[in-house]
Number of protein chains: 2
Amino acid sequence: MVERTSSASTRQIREANLRAVLHRMWDSEPVTGTDLIDSTGLTRATVHGVCEDLTRRGWIHEVENQREHGGYRMGRPARRYAFQPLAGVVVGVDCGQHRARATVTDLRGRTLARHGSSFSGPEHTPEERLDVLSRTILAALTAASVPPERVLVVVTGVPAPVDAGGRTAGSVNPFWEQMNPDIAGHLSREHGWRAIVDNDANLAAEAERWQGAGRGLDNFVTLLTGERIGAGIVDDGNLLRGARGGAGEMRFLDLIEGVGSAHGIARLARDWSQQAVRTDAHPESPLRDLAPEGIDAEAVFTAAEADDPLAVDVVERIGARFARIVGALAGLLDTERIVLAGAPARSCAPIRRVIERDLPQYVHPPLPEIVISDFGDEIVSVGAVWRALDHVREHVVEIDLVTGRQGAGVEAEVG
Amino acid sequence: MVERTSSASTRQIREANLRAVLHRMWDSEPVTGTDLIDSTGLTRATVHGVCEDLTRRGWIHEVENQREHGGYRMGRPARRYAFQPLAGVVVGVDCGQHRARATVTDLRGRTLARHGSSFSGPEHTPEERLDVLSRTILAALTAASVPPERVLVVVTGVPAPVDAGGRTAGSVNPFWEQMNPDIAGHLSREHGWRAIVDNDANLAAEAERWQGAGRGLDNFVTLLTGERIGAGIVDDGNLLRGARGGAGEMRFLDLIEGVGSAHGIARLARDWSQQAVRTDAHPESPLRDLAPEGIDAEAVFTAAEADDPLAVDVVERIGARFARIVGALAGLLDTERIVLAGAPARSCAPIRRVIERDLPQYVHPPLPEIVISDFGDEIVSVGAVWRALDHVREHVVEIDLVTGRQGAGVEAEVG
DNA sequence: GGTATTAAATCTAGGAACTAGATTTATTAA
DNA sequence: TTAATAAATCTAGTTCCTAGATTTAATACC
């Protein structure tokens with residue numbers, strides 16, 4: 001077979017058209033040539049040429065029984081092409097401090113399988129971390145009945161700043177380096193996968209942008225708040241990164257009056273309610289019936305909804321604090337919406353009310369909306385999957401699903 | 001003449017090549033075809049074709065006496081093409097609260113003329129503002145002996161947030177709307193110029209990025225500080241804008257402990273030294289020889305360099321405050337460098353020392369560098385010019401310098 | 001001054017990708 | 001069976017590019 005020698009320029013044209021046609025088909029029903037002509041503005045000859053290319057590369061296939069689909073009647077039946085969502089899979093991993101959870105999805109983001117494992121303890125070694133991570137991903141793939149070669153990209157979220165090269169290095173915080181012992185390099189070397197690593201709050205923001213509260217917005221902030229707070233900041237559609245991946249780190253809260261730390265909602269709710277229980281304030285509070293160690297954020301917020309005065313006090317304090325945090329972020333960044341996300345978020349409607357009440361003290365109108373994320377503790381995995389799908393979409397032209405992935409290997413970039 | 005009907009795709013190729021060749025020539029000596037072949041990777045035929053196009057459109061011309069230039073000896077003499085920096089001009093305007101200053105430059109950013117005018121007072125009407133602005137620009141053009149039709153774009157910096165459409169609207173702050181009474185629309189309607197408006201701190205950041213302390217950096221912040229503070233924030237090469245152009249507004253400083261307002265260095269230096277003079281602290285300070293109203297930032301900083309204790313006290317307070325501001329910004333944004341800019345910046349070396357001393361209290365290493373801008377009060381004009389040149393570079397393919405600008409009109413985008 | 005050397009320009013042929021429009025084909029409707 | 005229809009396929013022609021042969025305008029050397 002003769003080597004094709006299309007020039008860089010003509011290849012660019014073809015690639016742009018491949019992309020346009022494939023993106024048109026990605027999330028839609030099977031389409032006809034005419035559909036593609038209408039939506040891309042290309043001519044029929046080009047459209048079919050491109051579809052032939054895409055078929056050869058395994059992204060789409062021609063649907064046989066054309067008559068079934070459209071409701072038309074006359075004329076020569078159209079050829080129909082369908083995107084193949086199972087042509088490859090992606091893996092999104094939430095690799096937290098205590099456990100790793102991997103989600104395998106098809107190219108449309110439909111979950112095929114999940115798997116989670118715990119680390120032996122918060123002080124686990126880097127070797128254990130990488131090992132457990134690998135096993136978790138492989139287990140999820142097994143559960144999905146997908147061989148590892150079908151994986152197009154693995155995206156992993158970690159609770160640490162991650163620079164544009166996928167690394168967490170040169171920081172003064174050994175915890176951070178422990179959280180990301182060159183995960184991208186490991187996955188690439190051991191398994192041959194393209195691997196991308198990013199900060200968990202950044203991936204949370206991706207989840208919101210994809211199918212959550214950030215949909216359609218160019219400017220919003222996702223506050224991932226559990227034990228600590230991290231922010232995923234989107235400005236003009238771009239995720240802020242910072243010089244070393246540290247954008248959205250919250251140490252600056254130490255400087256905010258009435259805040260003083262980056263403690264998250266889960267921690268504050270637990271600490272403050274347990275403190276309160278130890279004092280003799282609100283002696284009749286039902287929260288006192290729980291073991292002090294058993295009082296967590298959800299218990300407090302539920303109690304607050306039932307007007308438990310102790311819980312209401314705690315909610316009041318947390319809300320007042322978060323109003324200041326939100327105020328500072330919104331003031332500096334001029335953001336349209338702030339999403340409260342993370343495991344405790346789903347029960348923190350009472351906190352949201354306090355924030356909304358206090359916010360006008362700190363920000364000029366128009367005020368940012370305060371929205372509660374629907375993702376619960378799945379948010380980082382969902383964001384990782386979305387980032388992975390985004391990566392695949394961006395790199396379709398480099399990927400040949402039939403002859404095997406091209407350009408696999410260390411692919412640690414994050415944007 | 002027959003209408004050329006090159007397809008969208010082939011036109012894209014040609015445009016990319018036009019751009020590549022022109023950008024290669026923009027800041028360089030006249031180049032030969034072979035130079036262009038080497039630097040663009042195109043073939044000779046293409047290169048000369050593109051140069052012919054560029055010549056026809058007025059961007060470049062062929063240099064006659066080829067032998068003069070290079071130091072070569074043998075072989076057929078190369079054709080040489082030179083960029084024409086005077087094929088068009090751009091105007092950068094600093095339209096502040098008290099006065100407007102316009103700078104006319106050629107396409108390489110070399111200043112051809114400047115002109116400045118004052119407004120009648122800080123409370124001038126929008127009509128006056130637009131009128132003075134127009135006259136200032138026209139006067140600068142006259143001084144440069146350039147007819148208004150040769151202007152390719154006018155960029156204006158204002159002390160107000162400006163959204164992506166060039167507008168300042170819907171804010172609660174009437175001062176801001178007064179500062180930008182749809183300047184872009186006015187310049188476009190009255191004079192037919194492409195007009196871009198942006199926030200002054202953002203343009204200051206552009207100046208630093210172009211030829212100042214931000215050169216080569218993807219992450220830095222420019223603090224434009226005179227009477228008030230505004231920040232131009234660059235992350236990953238992008239200027240932060242915010243939903244309504246308010247990114248970099250500093251009201252959040254109200255929430256920072258030990259700061260409490262967005263007052264700038266000029267104001268703090270004046271207020272605090274005048275206050276101190278009114279008390280009986282440091283009775284021997286030479287600053288007391290000045291009329292209290294005559295004490296300004298520069299006087300204070302100069303006195304501090306001479307160890308005047310009163311001035312040293314003021315510098316200490318300002319530095320401590322700015323260390324917190326810098327700490328908050330650097331902590332949230334993970335920025336590599338913070339540039340202190342604006343009129344008082346050039347004399348504030350003593351403040352920089354205090355900031356550097358205090359900063360480790362607030363930020364984890366690696367610490368951002370603190371750098372003092374060299375631009376003085378020219379910074380906004382310089383940034384405006386740079387933004388204008390950037391715009392021209394981006395839009396070369398739409399501009400035909402010979403047959404007149406195409407697509408002129410309201411062009412209020414900012415990015 | 002004539003000839004070799006050299007570096008660049010110009011010319012010629014050919015390819016990839018696209019558009020446009022005529023022709024053919026596979027259906028449904030009458 | 002025939003007409004109408006909608007889409008596919010085929011044919012020609014465009015632009016822009018590359019590759020390589022040929023020509024040209026210099027310098028260098030004898």
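A, B, ... follow the sequence lines: proteins, then strands. Residue 1 opens every chain.
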>> B/D35: which residues meet the side-chain hydrogen bond (donor to acceptor under 3.5 Å, both in side chains) condition with it, sequence neighbours left out?
In response: B/T32
> Would you say a side-chain N or O of B/T43 is under 4.0 Å from OP1 or OP2 of D/dA19?
Replying inline: no
> Who passes ring-ring contact (aromatic ring centres under 6.0 Å, His included) against A/F220, sequence neighbours left out?
Replying inline: none
> Counting only side-chain N and O atoms of B/T10, is one of them less than 4.0 Å from OP1 or OP2 of D/dC16?
Replying inline: no
> Between B/R56 and B/D53, is there a side-chain N and carboxylate O pair less than 4.0 Å apart?
Replying inline: yes
> Thinking salt bridges, do A/D106 and A/R110 make one under a 4.0 Å N-O criterion?
Replying inline: yes
> For the pair made of CD in A/E52 and P in D/dC10, what is the distance, rounded to whole Å?
Replying inline: 11 Å
>> Could you tell me how far apart B/Q12 (CD) and D/dT15 (C1') are, to the nearest whole angstrom?
In response: 14 Å
> For B/I37 and D/dG20, what is the distance between atoms CD1 and P respectively, to the nearest whole Å?
Replying inline: 14 Å
> In whole angstroms, how far is the C1' atom of C/dA7 from the CG atom of B/L36?
Replying inline: 16 Å
>> Can you see if the side chain of A/R79 gets near the phosphate of D/dT9 - specifically, an N or O under 4.0 Å from OP1 or OP2?
In response: yes
>> Taking side-chain hydrogen bond (donor to acceptor under 3.5 Å, both in side chains) as the definition, give me every residue that meets it alongside B/W59, ordered by chain and number, with sequence neighbours left out.
In response: none
> Between B/T34 and B/A45, which is nearer to the 5' end of DNA chain C once each is assigned its nearest nucleotide?
Replying inline: B/T34
> Rounded to the Å, how far apart are A/L18 CG and C/dA16 P?
Replying inline: 16 Å
> Atom CZ of A/R80 and atom P of D/dA7: how far apart are they, to the nearest Å?
Replying inline: 9 Å
>> What is the distance, to the nearest angstrom, from the NE2 atom on A/H48 to the P atom on C/dT25?
In response: 16 Å
Dump the pairs, protein N or O against N or O of nucleotides 23-25 of chain D, anything under 3.5 Å, distances to one decimal.
{"residue": "D/dT24", "atom": "O4'", "partner": "B/R76", "partner atom": "NH1", "Å": "3.3"}
{"residue": "D/dA25", "atom": "N3", "partner": "B/R76", "partner atom": "N", "Å": "3.3"}

>> Nearest whole Å is fine: how far is D/dT18 C1' from A/R11 CZ?
In response: 13 Å
>> Can you list everything that forms a side-chain contact (heavy atoms from CB on, under 4.5 Å) with B/D27? Sequence neighbours excluded, please.
In response: B/R108, B/R393
>> So, using salt bridge (charged side-chain N to carboxylate O under 4.0 Å, His left out) as the criterion, who are the partners of A/R215 when residues are at least two apart?
In response: none
>> Under 4.0 Å from OP1 or OP2 of D/dT18: is there any side-chain N or O of B/T46 that close?
In response: yes
